[in-house]
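To start, the structure under review is shown below, and the notes come after it.
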Amino acid sequence: MTVGENEELINEFLVEAREIVMDVEVTLMNLERVRLQEGVVSKEQLNAAFRGFHTIKGVSGFFSFERMVKAAHEAENLLDLLRSDKLVLVEDHVTVLCESLDLLTNAIDNLEGSGQPGLSEEQVSALATRIRALATNPEAPESAEDSEAPAPPGEGEPSDAPAAEPPPPTEAPKAAVEAAAAPATPAPAAAPAAPAAPVAAPPTPPAAAAAPPPKTPAGGGGSGGGKGGGKKSESSSDKANRSIRVDLRKLDQLMNLVGELIIAENVITHEQDASTSEPSQRATQQLDRVTRSLQHLAMSMRMVPIRTLFRKMVRVVRDVARRQGKEVRVTLEGEDTEVDKTVVESISDPLMHLVRNAVDHGIESPDERVKLGKDPVGEIVLSARHESGEVRVTIADNGKGLNTERIREKAVSKGLVPNDAVLDHAQICDLIFQPGFSTAQTVTNISGRGVGMDVVRRNVESVRGRVDVDSESGAGSAFTLRLPLTLAIIEGMMMRLGNQVFTVPLLAIRESVSVNEYERLRLPSGTELVDLRGQMVPLLPMQDLVPYVESTEEEEEARPILVVIEDDGKRAGIVADELIGQRQVVIKPIPSFLAHVNGLTGCSILGNGEISLILDVKHLLSTVQVASDERPAQGGQAASTPTLEARP
Amino acid sequence: MSSTSALDDGSHEPNDDKHLTFVIGDELYALHILHVTEIIEMQTVTAMPNAPAYVRGIINLRGKVIPIVDVRLCLGMEERPYDSRTCIIVVHEDAPVGLVVDTVQEVVDIPSEAVRAAPDVGGEDLADYILGIAKMSDNAQIILDSRRLLATS
């Protein structure tokens with residue numbers, strides 16, 4: 001085997017091993033959840049976890065990564081005891097199995113980096129010792145040897161990846177039949193059943209695979225019946241067959257090219273008129289359709305289910321809860337919700353931080369919970385859903401909620417708000433995201449790497465998302481991340497101001513009204529306000545948006561449309577000459593030479609080749625808002641600037 | 001004159017000495033040809049809010065968004081309305097940038113020995129952008145450093 005081939009094989013192994021480790025971790029979490037809730041230990045899931053370790057062991061052996069083999073082997077032994085009822089699953093078992101997974105993950109990371117697993121003998125032996133200590137059953141060591149012995153003959157040869165993969169349920173009977181019909185070439189799918197058959201007598205599910213007719217569904221259930229387990233193993237074998245890995249950069253390039261194509265296509269469609277020949281018109285329509293399909297396809301290629309990220313969190317919750325002697329149940333909702341890959345990556349850290357916080361600061365200790373009349377087991381719900389063109393990810397706990405009194409005190413002592421500031425509940429909760437609001441006092445080794453909530457907010461905002469908190473004292477908190485579906489395209493409203501076209505993200509527009517529905521007033525300070533049905537809304541100064549265009553006051557006054565933009569309860573008005581319409585626009589970044597220019601999130605190229613600037617609503621509102629933010633800080637109501645707290 | 005590649009001009013011998021000359025006001029300026037990607041006619045420029053005055057805005061150059069800088073304003077000269085002779089020289093420093101000049105003249109050889117260091121003009125920022133001054137035939141040319149022009153401005 002050449003070096004290149006070997007490398008390729010190892011890469012394949014790494015991808016597969018990662019998937020397996022993740023699946024096994026999920027399985028273990030499920031096991032524990034079911035055990036805690038229903039008091040039963042699922043045989044299928046034990047089997048699934050066993051097979052996972054077994055596969056890793058087999059393939060690691062193929063590459064002679066002896067320490068990985070050993071780590072997997074020890075875990076496998078423990079699971080074997082558990083699944084053959086020689087040992088009853090307790091929490092420590094799950095912990096030590098998770099440790100084996102961590103060790104393997106470590107090795108996988110190292111292999112990816114340096115090409116060597118990089119595990120030390122001590123690490124592996126320490127793990128082995130811990131595992132053996134837990135296998136307290138006197139028969140344990142012996143039976144571990146037992147189960148080791150039959151394994152090689154049955155599965156030794158085809159021990160590379162596909163062989164050990166559990167058979168998808170529907171194929172189980174076929175495989176069994178094939179095995180029977182052609183005994184000379186044992187079908188790999190039937191292999192896992194082989195060693196189990198002699199050992200475990202009647203009820204063990206894998207044995208059923210050997211006896212096709214009546215029990216097959218049950219036998220297949222060994223992999224197919226488990227809630228997550230079966231479906232997963234099936235889909236992962238599907239995945240292996242039907243997907244290829246593509247460099248993310250290539251997808252980015254593809255998206256860029258599609259963006260350019262859309263622009264070019266827009267120009268062509270624009271040029272069509274009555275004089276265009278019919279075939280050409282038809283071709284243009286076709287071009288339009290194809291381009292749009294292509295755009296959707298390119299976008300969908302970047303979308304991944306949020307599942308992987310959520311499952312990582314289950315483990316995080318468990319680890320933190322254990323270390324603190326808390327009991328926490330995690331419920332996942334909407335795991336299949338698809339989100340842009342880049343978005344998923346950028347919210348991984350913030351989400352981890354929020355989840356840790358929820359366990360660390362949110363959920364009370366079991367004793368405390370009982371005293372409060374709550375279920376001793378705390379609950380964290382992680383949910384994701386698509387809503388009004390964005391993805392919302394919520395982390396909700398039923399713990400003690402934010403202590404608004406303390407937050408307020410702390411904010412005052414840090415000088416973030418004046419002593420006499422009048423703040424409502426939402427405003428106080430929002431203080432925890434303030435840059436100066438250090439969580440130093442509360443940051444433990446658990447609550448993250450010293451990352452404050454302001455970093456969480458910044459990270460989320462860097463992908464044009466936002467994070468909000470809702471909390472009720474004593475009943476828990478809910479953090480909601482609102483994220484864009486994709487970073488490359490936004491739904492925008494285009495409007496003309498003077499000779500330029502601007503795009504405003506559709507989500508930021510509250511309403512647009514025609515001129516006779518509002519009145520303009522000018523304050524002595526120069527700030528302009530509009531009276532919109534009794535509410536005063538500040539106007540963004542025109543010259544800030546369109547420099548070099550001198551417009552007389554009459555022209556200014558004559559602008560017929562008021563577009564009210566809103567973000568986070570703050571509002572402001574933009575007067576426009578014309579609303580052009582709503583469109584999906586491909587965002588292009590502002591050239592880096594001008595990256596320091598505020599108030600824009602990017603630009604897009606219009607059908608006629610002109611550029612439309614995309615307004616950064618959040619920033620624009622913050623410039624208008626300065627006055628009212630400073631007002632309490634100056635300690636009085638003196639400021640002449642209007643109350644911009646245009647909360648509904 | 002749209003999209004004339006300056007590099008097509010002339011033979012294939014090394015471009016070491018080749019400079020593109022252009023006019024701003026009454027003076028003749030030069031940029032080393034290596035920095036120049038193309039010369040395009042004046043375009044509709046989308047103004048940028050909150051940008052410094054010398055930045056006229058951005059244009060769409062065949063799908064690429066590039067910033068446009070008015071060299072007149074960069075050099076602290078008076079603004080002047082654009083006309084049919086106004087050109088954009090696209091230079092590529094770290095990223096493409098368009099420089100607005102009054103008129104583009106020609107590509108000439110300026111041997112390095114013809115270049116004299118810029119005189120100290122007494123605390124003027126101008127000296128920062130000037131690589132040197134070349135005396136060719138009967139008129140002097142001020143050789144600009146496009147990188148520093150863009151960096152300092």
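The figures here come from the full heavy-atom set of this structure, side chains too, leaving out hydrogens, waters and symmetry mates. Proteins get letters first, then strands, A, B, ... in listed order; numbering begins at 1 in each. Since this is a predicted model, take the numbers as computed values, not measurements.
- Between A:Leu594 and B:Gly57, the shortest heavy-atom distance links the atoms CD1-O, 4.4 Å.
- Minimum heavy-atom separation, B:Asn60 to A:Ile611: N-CD1, 3.4 Å.
- Taking 4.5 Å as the limit, every side-chain heavy atom of A:Asn499 sits out of range of all side-chain heavy atoms of B:Thr44.
- Under the 3.5 Å distance criterion, the side-chain polar atoms of A:Gln500 are matched with a main-chain donor or acceptor of B:Ala47.
- Surrounding NZ of A:Lys618 are more than 12 heavy atoms belonging to other residues, nucleotides or ligands, all under 6.0 Å away.
- Other residues, nucleotides and ligands contribute more than 12 heavy atoms inside 6.0 Å of the CZ atom of A:Arg292.
- In terms of heavy-atom pairs under 4.5 angstrom with chain A, the leader among B:Val65, B:Ile59, B:Val45, B:Val97 is B:Val65.
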ask   = Hey, mind stepping through A:Cys603 and B:Thr46 against side chain to side chain contact (heavy atoms under 4.5 Å, CB included) and telling me if it holds?
value = CA-CA 10 Å; A:Cys603 58; B:Thr46 305; over 6 Å; no
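- Only the backbone of B:Ile66 comes within less than 4.5 Å of a heavy atom in chain A; its side chain stays farther off.
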task = Could you go through the side chain to side chain contact (heavy atoms under 4.5 Å, CB included) check for A:Phe593 and B:Val69 one step at a time?
result = CA-CA 10 Å; A:Phe593 180 67; B:Val69 167; 3.5 Å; yes
